[in-house]
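Residue numbers run from 1 in the order of the sequence given.
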Amino acid sequence: GGRLTMRGYFGSLPRTFQIKRCTLWGKPTGAVNIMMHSPVITVINGEAQMIIASGDGDLHGLQPQTGKLLWKYHISPKRGVNVTPLVVGNTVICGHTEENVGDTTMGALFAVDASKRGLLTKANGGELWRHNEWVVERSAPLYVNGFVYSVDKGGQLRVVDLKSGRLVTSLRLGGPGYGSPVYADGKIYYCTQNGIWWTLEPQKNGKVKRLFRARLSRAEVNGSIAVSHGRIYLPTSSGMYCIGKKGQTPTADARPAFPA
């Protein structure tokens, strides 16, 4: 067992609850590879789903309460997937860097319909679109105003129309893509693994306007940028950077009300 201490909503004094170790459910997938990404909890058509790509090369939609399999999609034959899925409405967008199902090409960016059930395929409308040979290693896709922004292993930013999957534009960022792009204050922020910083402004047609580019010295970037209280945080191999306007008081939206 263990203990969980909670503060804040319960008053000024902490309250401690006893935690018991128990397994609610397990879901064997036949995985042969490790995976390095985060599952996503969301609600599709009123039903909670946990969406996770497994080491067996499949993307799964599960009931988080029971582990019941709602749907799955074949990505790669028995290879691990390291990209955190993006959910927009009923659409799930994800990518990978391994062998593709059905041919010898490597990597893909794709979208599926998470409102459907069973094995999702192109034939039954479960697969909405797919671009093979777009090698997306760890960078999670970003959604802004109808378009998906994805950075591949080689550091190429591609912009895709969410509904059709049509490629709108692309931009070479000058270095490998490991972290995920982030959107804040009307801009997209990204830093390549070799320390090239980009600030981009997405346009109404999905294309991007280059606002700022810089090079960090003696730093490797394997993490993603975070934005909080009006400041930008960048983790690197040499330290953590905090970027903001000098003298400006940080602000943030009010914290959501705690459920009754």
[X] versus [Y]: any side-chain heavy-atom pair under 4.5 Å?
X      : Y      : value
Val208 : Arg210 : no
Phe212 : Trp197 : yes
Cys191 : Leu234 : yes
Phe110 : Cys94  : yes
Val40  : Thr84  : yes
Leu70  : Glu47  : yes
Val160 : Trp129 : yes
Lys209 : Gln203 : yes

I'd like to know if [Y] and [X] are part of one continuous hydrophobic network [Ile/Leu/Val/Met/Phe/Trp/Tyr, side-chain heavy atoms within less than 4.5 Å].
X      : Y      : value
Tyr190 : Leu200 : yes
Tyr189 : Tyr143 : no
Leu167 : Leu171 : no
Leu173 : Ile196 : yes
Leu86  : Leu142 : no

>> Checking Glu127 against Lys72 for the salt bridge (Lys or Arg N to Asp or Glu O under 4.0 Å) test, could you report, in this order, the C-alpha distance in whole Å, the side-chain angles of both residues, the deciding distance, and whether it holds?
In response: CA-CA 11 Å; Glu127 178 189 292; Lys72 69 176 180 178; over 6 Å; no

How far apart are the closest heavy atoms of [X] and [Y], and which atoms are they?
X      : Y      : value
Val221 : Tyr178 : O-CB, 4.3 Å
Pro235 : Tyr233 : CD-O, 3.9 Å
Pro77  : Glu99  : CD-O, 3.4 Å
Ser115 : Asp113 : OG-OD1, 2.6 Å
Val83  : Ser139 : CG1-O, 3.6 Å
Pro141 : Ile93  : CG-O, 3.8 Å

> Is the shortest distance from a Lys or Arg side-chain nitrogen in Glu133 or Lys153 to a carboxylate oxygen in the other one below 4.0 Å?
Replying inline: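 No, this pair does not count.
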
> Are Asp161 and Lys163 within salt-bridge range, i.e. N to O under 4.0 Å?
Replying inline: no

Is the side chain of [X] donor-acceptor paired with the backbone N or O of [Y] at a distance under 3.5 Å, no angle test?
X      : Y      : value
His131 : Gly165 : yes
Asp58  : His60  : no
Ser170 : Arg158 : no
Thr97  : Glu137 : no
Asn100 : Gly107 : yes
Thr192 : Gly175 : no

Quick one: pull up [atom1] in [X] and [atom2] in [Y] and give me the separation to the nearest 0.5 Å.
X      : Y      : atom1 : atom2 : value
Ile232 : Lys187 : CD1   : NZ    : 8.5 Å
Thr199 : Asp185 : OG1   : CG    : 10.5 Å
Lys245 : Arg231 : NZ    : CZ    : 13.0 Å
Arg130 : Ile75  : CZ    : CD1   : 7.0 Å
Leu119 : Asn124 : CG    : CG    : 7.0 Å
Leu62  : Gln49  : CG    : CD    : 8.5 Å

> For Val87 and Ile51, what are the C-alpha separation, side-chain angles and deciding distance, and is it a side chain to side chain contact (heavy atoms under 4.5 Å, CB included)?
Replying inline: CA-CA 9 Å; Val87 181; Ile51 299 173; 3.8 Å; yes

>> Assess the residue pair Gln193 and Asn222 against the criterion (side chain to side chain donor-acceptor pair (under 3.5 Å)); give the C-alpha distance rounded to whole Å, side-chain angles, the decisive distance to 0.1 Å, and a yes or no.
In response: CA-CA 6 Å; Gln193 187 190 32; Asn222 293 311; 2.8 Å; yes

>> Could you go through Ser238 and Arg218, starting from their C-alpha distance and side-chain angles, then the distance that decides it, and tell me whether this counts as side chain to side chain contact (heavy atoms under 4.5 Å, CB included)?
In response: CA-CA 7 Å; Ser238 61; Arg218 299 183 299 277; 5.8 Å; no

>> Quick one, Tyr241 with Thr236, criterion side chain to side chain contact (heavy atoms under 4.5 Å, CB included). Give me CA distance, side-chain angles, the key distance, then yes/no.
In response: CA-CA 8 Å; Tyr241 291 85; Thr236 76; 3.7 Å; yes

> Val136 and Val151: side chain to side chain contact (heavy atoms under 4.5 Å, CB included), yes or no, with the steps?
Replying inline: CA-CA 7 Å; Val136 185; Val151 180; over 6 Å; no

>> Distance alone, cut at 3.5 Å: any donor-acceptor contact between the side chains of Trp134 and Gln156?
In response: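 No, no side-chain donor-acceptor pair sits under 3.5 Å.
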
> Centres of the Tyr183 and Tyr149 rings: under 6.0 Å?
Replying inline: no

